[in-house]
Number of protein chains: 4
Amino acid sequence: MNDQPGRPGRKRSEESRLAIIAAAVELTLEVGYAGLTIEGIAARSGAGKQTIYRWWPSKADVLLDALVAKAELHIPVPDEGTYEADLRAFLGSTFALGSRPQVVDLLRALMAEAQIDSEFGERFREMFLRHRRDALGTVLDQARVRGDLPASPPPETAIDIVFGTLWYRILATRRDVDQQLIEELIALLTRRDR
Amino acid sequence: MNDQPGRPGRKRSEESRLAIIAAAVELTLEVGYAGLTIEGIAARSGAGKQTIYRWWPSKADVLLDALVAKAELHIPVPDEGTYEADLRAFLGSTFALGSRPQVVDLLRALMAEAQIDSEFGERFREMFLRHRRDALGTVLDQARVRGDLPASPPPETAIDIVFGTLWYRILATRRDVDQQLIEELIALLTRRDR
Amino acid sequence: MNDQPGRPGRKRSEESRLAIIAAAVELTLEVGYAGLTIEGIAARSGAGKQTIYRWWPSKADVLLDALVAKAELHIPVPDEGTYEADLRAFLGSTFALGSRPQVVDLLRALMAEAQIDSEFGERFREMFLRHRRDALGTVLDQARVRGDLPASPPPETAIDIVFGTLWYRILATRRDVDQQLIEELIALLTRRDR
Amino acid sequence: MNDQPGRPGRKRSEESRLAIIAAAVELTLEVGYAGLTIEGIAARSGAGKQTIYRWWPSKADVLLDALVAKAELHIPVPDEGTYEADLRAFLGSTFALGSRPQVVDLLRALMAEAQIDSEFGERFREMFLRHRRDALGTVLDQARVRGDLPASPPPETAIDIVFGTLWYRILATRRDVDQQLIEELIALLTRRDR
DNA sequence: GACTAAACGAGACGGTACGTCTTGTCTTTCG
DNA sequence: CGAAAGACAAGACGTACCGTCTCGTTTAGTC
């Protein structure tokens with residue numbers, strides 16, 4: 001591969017890369033993930049199939065690149081002073097992301113593909129899910145340092161509960177994540193035992 | 001279709017039906033859901049492809065039938081006297097089901113397919129997920145009647161949290177559901193505010 | 001099979017037999033021989049597939065029955081007094097038959113099937129072609145007895161030439177047999193060497 | 001399609017083309033035309049089905065290509081000085097071709113298919129039958145120019161008679177074309193009226 | 001009038017091939 | 001030498017029919 005400079009031969013075409021990612025996203029919206037094909041992406045983007053195969057192992061990876069590009073911008077780790085405020089800020093930005101239907105469609109498709117293709121699953125967890133977990137982990141850490149964090153549940157479980165509930169809404173109930181759910185989660189997690 | 005009596009024509013073959021379901025499950029374990037094909041199921045089961053297409057709209061529906069047959073047996077709605085005991089009993093049997101790797105593999109594949117094929121998604125929700133939600137809903141209802149149920153979170157949200165967390169473990173972290181997670185969920189949901 | 005009397009059981013249904021033959025002919029005209037199927041005949045005629053398979057070995061045999069029923073009526077062996085007149089009468093009635101497009105379509109289909117399915121070919125030759133050859137053979141015999149017949153070509157060859165030319169028009173040139181061709185054949189065959 | 005140069009993309013594989021034609025001919029001899037399938041040709045030749053569908057509209061067209069390749073070599077237009085000698089030479093080479101059983105089997109199958117599939121029929125007439133008719137037409141023309149040609153029958157009819165008789169032998173009587181038949185045809189056509 | 005036998009319409013069955021689609025690879029030509 | 005173009009082998013798709021096999025029903029003799 002020839003995307004870094006100083007090597008002989010033609011450089012990777014940034015134009016093609018962007019056209020391929022854009023075509024993949026457009027087609028997913030138009031015909032659904034099931035109807036998305038490498039051939040379709042090539043035709044729409046004006047690229048040759050080989051160019052896609054050269055740089056991505058599967059159509060899901062193209063979409064993952066698209067998602068990562070979009071998502072990168074939207075996970076600031078908040079530091080508002082209290083656990084509750086941080087949590088509200090974090091979930092708020094997650095909610096904002098998750099209320100864009102195109103993004104939700106991508107998420108659902110990629111999570112599905114991750115179940116079916118375990119090598120892609122590895123990449124999806126590493127390149128997308130882990131960043132999210134880490135961000136929430138940092139929020140919890142800040143709270144622990146401040147002494148703001150309830151003793152139970154332990155951080156790992158809290159993370160599972162938060163993301164689990166959000167993902168379950170998307171995957172299983174087809175209801176969107178709403179503000180009320182977020183408040184209930186905050187209430188649950190900031191509550192202290194009697 | 002000719003499975004009920006009193007109509008002319010040959011009856012549906014129960015033998016084929018069972019052979020097809022069994023073959024589909026076996027193949028899923030052997031080659032994975034991605035490698036599962038209708039042709040493979042037909043070959044393994046000794047059925048013709050048309051026999052499969054006559055009774056099931058997709059390979060996922062065959063597996064759904066297999067899952068429903070397996071799962072039906074394992075959702076008793078417990079009535080142990082207290083919310084906490086009921087919850088523990090319910091999650092315990094869910095845990096037992098979910099610790100069989102073959103079942104978990106089926107669940108992951110079907111949840112994935114439900115994302116990709118929305119008509120199948122409808123059927124999956126209706127024939128599998130809803131039964132589970134209803135069972136837990138009954139548990140919560142019993143607790144409410146007894147006055148055992150905390151004010152927060154509301155039942156619908158509690159259900160989302162429980163199943164969300166369990167599914168998230170399966171889908172996103174690839175760690176099995178364990179006894180500790182169940183206890184932490186019970187603690188979280190039975191806890192009362194100060 | 002139970003078409004002769006004196007045996008127990010239901011008799012062959014003449015109604016079905018006729019409906020099947022009629023349906024087969026209609027469908028051949030509508031969708032062509034290539035588009036003709038046993039299932040289609042069954043559906044159109046209101047018969048079950050088994051009823052067709054019980055009495056005919058193939059769809060071509062159904063059409064052969066239809067053809068034999070039609071054709072039987074039209075091969076009188078003429079006896080007009082002279083070879084030339086007999087030949088003209090014989091070819092005239094053959095021409096009349098061959099100018100009905102539905103009949104020609106059947107002939108083409110059955111001759112084709114006879115090439116592809118050699119067992120049907122045997123039956124086609126025996127039940128259709130032979131009758132025609134025999135009729136012309138009788139005409140030639142009458143002429144020989146009268147001393148009317150040219151020495152050359154020998155009768156078998158004359159028969160091949162007559163039917164060959166007629167069939168070739170139908171099969172290879174797609175031009176209909178016309179009166180002019182018939183006259184030229186008569187001229188050729190009744191001519192005597194110098 | 002990319003068989004002519006100067007265009008991007010991989011060129012048509014001559015190797016595949018020949019393997020497909022060879023496989024089709026072999027299989028026709030082994031299992032008969034009725035048993036010949038595109039899938040069988042693909043399997044035997046090592047080609048993909050798509051490669052066959054890309055270049056030929058039907059299995060009959062593959063065989064037609066095979067026949068044209070074989071037949072091309074064997075229709076010299078003779079010029080022996082007399083009509084009778086030319087005719088004998090022409091029919092002799094036709095006879096030589098027609099006495100190879102593999103060739104006759106191909107001819108029967110293709111003539112049959114031409115009846116059933118009219119678009120193929122068009123191609124068969126254009127690419128095979130017409131060349132033969134033209135060759136004989138040239139022989140007749142030479143004779144006419146020389147003043148060698150009997151007044152009757154007219155050339156078109158003579159052609160129908162010759163090919164009709166030959167084809168009829170192949171299609172309807174299953175007897176091979178033999179030298180005697182050829183002599184009788186020559187006698188008939190070179191004879192002059194009293 | 002019950003009993004047996006066979007044909008009937010209906011329709012599911014195991015198969016086979018169809019023609020199409022997509023995959024991932026392999027040339028070929030151009031820039 | 002990367003990229004677009006497009007042919008290639010492979011193989012699954014979902015459909016259409018094949019010829020066979022139950023089904024329950026109808027129509028004949030036969031007892």
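Numbered from 1 within each chain, the chains take letters A, B, ... in sequence-line order. The model shown is predicted, which means the values in this text are computed figures rather than measured ones.
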Quiz item: Which residue, D:Pro57 or B:Gly48, contacts DNA chain E at a nucleotide closer to its 5' end, judged by nearest heavy atom?
Solution: B:Gly48

The criterion is side chain to side chain donor-acceptor pair (under 3.5 Å); which residues satisfy it with [X], sequence neighbours excluded?
{"X": "A:Thr51", "answer": "none"}
{"X": "B:Thr37", "answer": "none"}
{"X": "C:Lys59", "answer": "none"}
{"X": "D:Thr28", "answer": "none"}

Quiz item: Hey, does the side-chain of B:Lys49 have a donor or acceptor N/O within less than 3.5 Å of a partner on the base of F:dG14?
Solution: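 Such a pair is found, so the answer is yes.
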
Self-check item: Side-chain donor/acceptor contact of D:Arg10 with base of E:dC26 under 3.5 Å
Solution: yes

Using whole Å, what does the distance between atom [atom2] of nucleotide [N] and atom [atom1] of [X] come to?
{"X": "A:Asp61", "N": "E:dG24", "atom1": "CG", "atom2": "C1'", "value": "15 Å"}
{"X": "C:Ile52", "N": "E:dA7", "atom1": "CD1", "atom2": "P", "value": "16 Å"}
{"X": "C:Ile116", "N": "F:dC18", "atom1": "CD1", "atom2": "C1'", "value": "16 Å"}
{"X": "D:Arg12", "N": "F:dC8", "atom1": "CZ", "atom2": "P", "value": "7 Å"}
{"X": "D:Lys59", "N": "E:dA17", "atom1": "NZ", "atom2": "C1'", "value": "10 Å"}
{"X": "B:Gln50", "N": "F:dT20", "atom1": "CD", "atom2": "P", "value": "19 Å"}
{"X": "D:Tyr53", "N": "F:dG11", "atom1": "OH", "atom2": "C1'", "value": "14 Å"}
{"X": "C:Glu15", "N": "E:dA7", "atom1": "CD", "atom2": "P", "value": "17 Å"}

Can you tell me if [X] touches the phosphate of [N], counting only side-chain N or O atoms and a distance under 4.0 Å to OP1 or OP2?
{"X": "D:Trp55", "N": "F:dC8", "value": "yes"}
{"X": "A:Thr51", "N": "F:dG2", "value": "no"}
{"X": "D:Trp56", "N": "E:dG19", "value": "no"}
{"X": "A:Arg54", "N": "F:dG2", "value": "no"}

Under 3.5 Å, side-chain donor or acceptor atoms of residues 17-24 of chain B against the rest of the protein: list the pairs with distances, not counting sequence neighbours.
from	atom 1	to	atom 2	distance (Å)
B:Arg17	NH1	B:Glu14	OE1	3.2
B:Arg17	NH1	B:Glu14	OE2	2.4

Practice problem: Sorted by first residue and then second, give each salt bridge (charged side-chain N to carboxylate O under 4.0 Å, His left out) pair with at least one member in residues 35-53 of chain D; sequence neighbours left out. | Solution: D:Glu26-D:Arg44, D:Glu30-D:Arg44, D:Glu39-D:Lys49

Can you identify which nucleotide, out of [options], has its nearest atom closest to the [X] side chain?
{"X": "A:Ala47", "options": "F:dC8, F:dA4, E:dC13", "result": "F:dA4"}
{"X": "C:Ser16", "options": "F:dA4, E:dC13, E:dG9", "result": "E:dG9"}
{"X": "C:Lys11", "options": "F:dA28, E:dC13, F:dC23", "result": "F:dA28"}

Taking atom [atom1] of [X] and atom [atom2] of [Y], what is their separation to the nearest 0.5 Å?
{"X": "A:Phe120", "Y": "A:Gln115", "atom1": "CZ", "atom2": "CD", "answer": "10.5 Å"}
{"X": "B:Arg108", "Y": "A:Met111", "atom1": "CZ", "atom2": "CE", "answer": "10.5 Å"}
{"X": "A:Leu107", "Y": "A:Phe128", "atom1": "CG", "atom2": "CZ", "answer": "5.0 Å"}

Quiz prompt | Where DNA chain E forms stems, i.e. three or more consecutive Watson-Crick or G-U pairs with both distances under 3.5 Å | solution = E:1-31 with F:1-31

Exercise. Could you check which residues of residues 32-42 of chain A get a heavy atom under 4.0 Å from DNA chain E? Sort them by number, please.
Key: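 Contacting residues: A:Thr37, A:Ile38, A:Glu39.
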
Self-check item: Earlier contact from the 5' end, DNA chain F, for D:Gly46 and A:Ser45
Solution: A:Ser45

Quiz item: Does B:Asp61 have any salt bridge (Lys or Arg N to Asp or Glu O under 4.0 Å) partners at least two apart in sequence or in another chain, and if so, which?
Solution: B:Arg123

